[in-house]
Amino acid sequence: MPTDPAPERRRKTRVPHKARIIMSGLDADGYNFAEDTETVTVSKNGAAVRTAYTLALGAELLVRIIETNRVGHFQVVWLGKAGTPSEGRIGLEWVASKRFWGIEFPPEDWEHE
């Protein structure tokens with residue numbers, strides 16, 4: 001099996017965390033959308049999110065956590081590849097970082113098994 005020559009580089013530890021969110025912005029065709037979805041993992045810098053929409057790298061989105069009503073401004077930095085287990089997922093990174101998820105993150109040297 002071929003291996004990916006450029007493995008994914010992660011800046012911070014990611015934590016499995018499902019949070020129901022409303023994600024809104026412009027899709028890859030430039031149309032407004034709002035989607036009720038959920039996170040897959042979260043980190044101090046952003047999140048991996050499930051989506052049914054086709055989005056473009058660099059797209060700026062608003063994310064509102066339904067439970068807390070907190071709103072954050074994010075940018076799409078990764079797109080899951082079609083035909084792989086990551087299809088239908090995107091990676092988001094803060095445009096303006098702040099404490100958002102309402103959870104404590106493990107230390108930087110922590111490894112999830």
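Because only heavy atoms are used, hydrogens play no part in the values below, and waters and symmetry mates are left out as well, while side chains stay in.
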Requested in this report: Would you name the heavy atoms of T13 and S43 that are closest together and state the gap between them?
Outcome: O-CB, 3.3 Å
Report task. Over all heavy atoms of both residues, which pair between R89 and V40 is shortest? Give the atoms and the distance, please. Result -> NH1-CG1, 3.6 Å
Query raised in the report: Applying salt bridge (Lys or Arg N to Asp or Glu O under 4.0 Å), which residue pairs with at least one partner in residues 51-63 are found, sequence neighbours left out?
Result: none
Query - Approximate separation, where rounding is to 0.5 Å, of M23 CE and I90 CD1 - result: 4.0 Å
Report task. Taking all heavy atoms of R50 and all of T37, pick out the closest pair and write down the distance. Result -> O-OG1, 2.5 Å
Query raised in the report: Any idea which heavy atoms bring K81 and S86 closest together, and the distance?
Result: N-OG, 3.4 Å
Report task. Could you tell me which residues satisfy side-chain contact (heavy atoms from CB on, under 4.5 Å) with D36, sequence neighbours excluded, listed by chain and number? Result -> R20, I22, I66
Requested in this report: Report the distance from atom NZ of K18 to atom OG1 of T39, rounding to the nearest 0.5 Å.
Outcome: 9.0 Å
Query raised in the report: Within the distance-only criterion (no hydrogens, no angle test), does the side chain of E67 pair as donor or acceptor with the backbone N or O of A19 below 3.5 angstrom?
Result: no
Report summary line: Note: G25 and L61 closest approach over all heavy atoms is CA-CD2, 3.9 Å
Report task. Identify whether V63 and L26 are in the same connected component of the hydrophobic contact network (ILVMFWY, side-chain heavy atoms under 4.5 Å). Result -> no
Query - Side-chain donor/acceptor of T54 to backbone N/O of A28, under 3.5 Å - result: no
Query raised in the report: Which pair of heavy atoms, one from W94 and one from K44, lies closest together, and at what distance?
Result: NE1-O, 3.0 Å
Query - Contact check, side chains of W78 and E93, non-hydrogen atoms, under 4.5 Å - result: no
Report task. List for me each residue that meets side-chain contact (heavy atoms from CB on, under 4.5 Å) alongside D29, sequence neighbours excluded, and say none if there are none. Result -> D27, Y31
Query raised in the report: Does a side-chain heavy-atom distance below 4.5 Å link L55 with F33?
Result: yes
